[in-house]
Amino acid sequence: MTDTTRREVLGWLAGLGAAAGTGLFAPGRAGASVDVTGGVTALRGVTLVDSSRVRSNTTIVLADNRILAIGTHDLPLPRGATVLDLPGKFVIPGLWDMHVHGAYLERITLPLCLVNGVTGIREMWGVAPIYELRERIERGEVLGPRLVVASTIIDGPHSTLPFALVVSTPDEGRQAVRDAKAQGADFVKVYSYLDRATLAAIADECARHDLTFAGHCSNHVALGDASDLGQRTFEHMYGLSLATSTREDELRQRIANLPLDPANSFAWFKQVLELEREAASSHSRSKAVRLAKLLRRNGSALCPTMVAMRVLSSPADKFANDPRLKYMPVSYRDYWRDGLKNWAPVTEQETRQQAEFLKRRMEQVAEMHDHGVDVLVGTDAGNPYVFSGFSVHDELELLVQAGLSPEAALRAGTRGTRLVPGGEANLVVLDGHPLKDIRNTQRIHTVLTRGRVLGPAERQRMLADVEKAAQEPIGAVQARCC
């Protein structure tokens, strides 16, 4: 894009009500004689890195939580602006975590996201307090990332989730969508036990109410079929190995024939996962290409949550000494330790098998990306050893390990955002170049969001407050990988 001109800067200032008139601008350093309302801030000397370009020695001017101007080092600045000279720093768009649980822990989840440069999250289990929190954030009453909030989880009979909304018929599925719309959900969350007829009814009712639906690939519906129905995102890599296996028909018949004990539906779910592991060894590149074309045509994306899947594929004690545990409530730490017993491999053979399965699934995600399927960064934060904010950077690193380039991983983590005048001023200032090493997204200097500049000292204070809040008692944890 071309540099922002002086006339364009004047126009933006006038539109924002920040300032206008002769004598407002001074080249280089800004004076302090004019009180500029709206909090004009300039980041000067930075390298801008977004989904479309890398641009060095840049000045970015912000006001009223908007990007006012982008130009060269000597871009004229309004007197009274706060100028942050940041040579050698890199600026990226704010990161997104597209699969989060636990926004209701607002003194923990929200600040952990912001200090890690995560300025937007998709909360995947909506309840009334989270809808209210979303509005409080937008009104400026609470400092937090932008919240996009799901409906309550809608699942079929024998759901493994104790608080899911279970629907047994297409009519019940339609009513669940209408209720979600009335309650204020941004989208509908679907889950693993829905049959095809009920999922189709949910899809149709979503279309009637201008809602999208996303979530698990149902164990009763092939991934491609769910995409054809309109499912927007598929979480956790579930269904992908089956959908690209030469043995898909055989394995799906075996799933259909699996006995299900209503008193232990999780055991059935684990058997399905074992068949998915079996499917991964009969992967077909030609089927993957056809699936990718279908997903692209339908606008369906993958949200693999590799960081969560890595935990579930590892021995239960592998992450038990993570230093970030100090930011989590004690009840979460206890739940994480005990909850993994149902998931984690135990024997050396199981551990090797699960490690290989995870590797193959990650490679399949990279393959889908190579064929043009959108991949989103999501973590499943709130589940064992997956930390709000921090784990976004773990997920970025895993995407690169899977085979995505740092550029592609960063695009996934920022939802392809381009930094342009008029756009929201959600920015992260880094001490290292993220395209040379994706781990540099962890080297955060400053976060800018909602008109706030969260510099190094402020971010440390926020972390200390989270650590203190984590020592306070909260209610019992009821959660699973969802």
Assess whether atom [atom1] of [X] is packed by more than 12 heavy atoms of other residues, nucleotides or ligands within 6.0 Å.
X      : atom1 : value
Arg146 : CZ    : no
Arg337 : CZ    : yes
Lys270 : NZ    : yes

Donor-acceptor pair, [X] side chain versus [Y] backbone, under 3.5 Å?
X      : Y      : value
Glu467 : Lys326 : no
Gln354 : Glu350 : no
Arg333 : Met328 : yes
Ser151 : Lys189 : yes

Does the distance from a Lys or Arg side-chain N to an Asp or Glu carboxylate O, for Glu138 and Arg134, drop under 4.0 Å?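 Salt bridge flag = no for Arg134 with Glu138.
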
I'd like to know if Asp437 and Arg439 make a salt bridge, using a cut-off of under 4.0 Å between side-chain N and carboxylate O.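 A salt bridge is present here (some side-chain N lies under 4.0 Å from a carboxylate O).
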
Do [X] and [Y] have side-chain heavy atoms sitting under 4.5 Å apart?
X      : Y      : value
Leu223 : Leu295 : yes
Thr351 : Pro315 : yes
Arg352 : Pro345 : no
Thr119 : Glu424 : no
Leu48  : Arg53  : yes
Tyr193 : Thr160 : yes
Arg310 : Asp394 : yes
Arg122 : Asp97  : no

What's the spacing between [X] [atom1] and [Y] [atom2] if we round to 0.5 Å?
X      : Y      : atom1 : atom2 : value
Leu454 : Arg461 : CG    : CZ    : 9.0 Å
Arg452 : Asn65  : CZ    : CG    : 11.5 Å
Ile438 : His433 : CD1   : NE2   : 11.0 Å

Test item: side-chain donor near acceptor, Thr305 and Glu235, under 3.5 Å: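 There is no such pair (donor and acceptor under 3.5 Å, judged by atom type) between the side chains of Thr305 and Glu235.
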
[X] versus [Y], closest heavy-atom pair with distance:
X      : Y      : value
Met124 : Met98  : SD-O, 3.9 Å
Tyr131 : Ala185 : OH-CB, 3.5 Å
Ile202 : Val190 : CG2-CG1, 4.1 Å
Leu95  : Ile92  : CD2-CD1, 4.3 Å

Quickly, which of Val377, Thr379, Val365, Val311 forms a side-chain contact (heavy atoms from CB on, under 4.5 Å) with Met306? Name it, please.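 That would be Val365; it is the only one of Val377, Thr379, Val365, Val311 passing the side-chain contact (heavy atoms from CB on, under 4.5 Å) with Met306.
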
Could you give me the CA-CA distance, side-chain angles and deciding distance for Leu77 and Arg44, then say whether side-chain contact (heavy atoms from CB on, under 4.5 Å) is met? CA-CA 10 Å; Leu77 302 175; Arg44 190 163 56 184; 4.0 Å; yes

Aromatic ring pairing His236/His99, orientation class (parallel under 30°, perpendicular over 60°, tilted between):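 Tilted: the ring planes of His236 and His99 meet at 30° to 60°.
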
Could you please spell out the steps behind the ring-ring contact (aromatic ring centres under 6.0 Å, His included) verdict for Tyr191 and Trp125? CA-CA 11 Å; Tyr191 213 62; Trp125 197 336; 7.8 Å; no

Testing Tyr332, Trp336, Tyr327 for ring pair (Phe, Tyr, Trp, His ring centres under 6.0 Å) with Phe387, which one passes?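 Among Tyr332, Trp336, Tyr327, the one that satisfies the ring pair (Phe, Tyr, Trp, His ring centres under 6.0 Å) with Phe387 is Trp336.
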
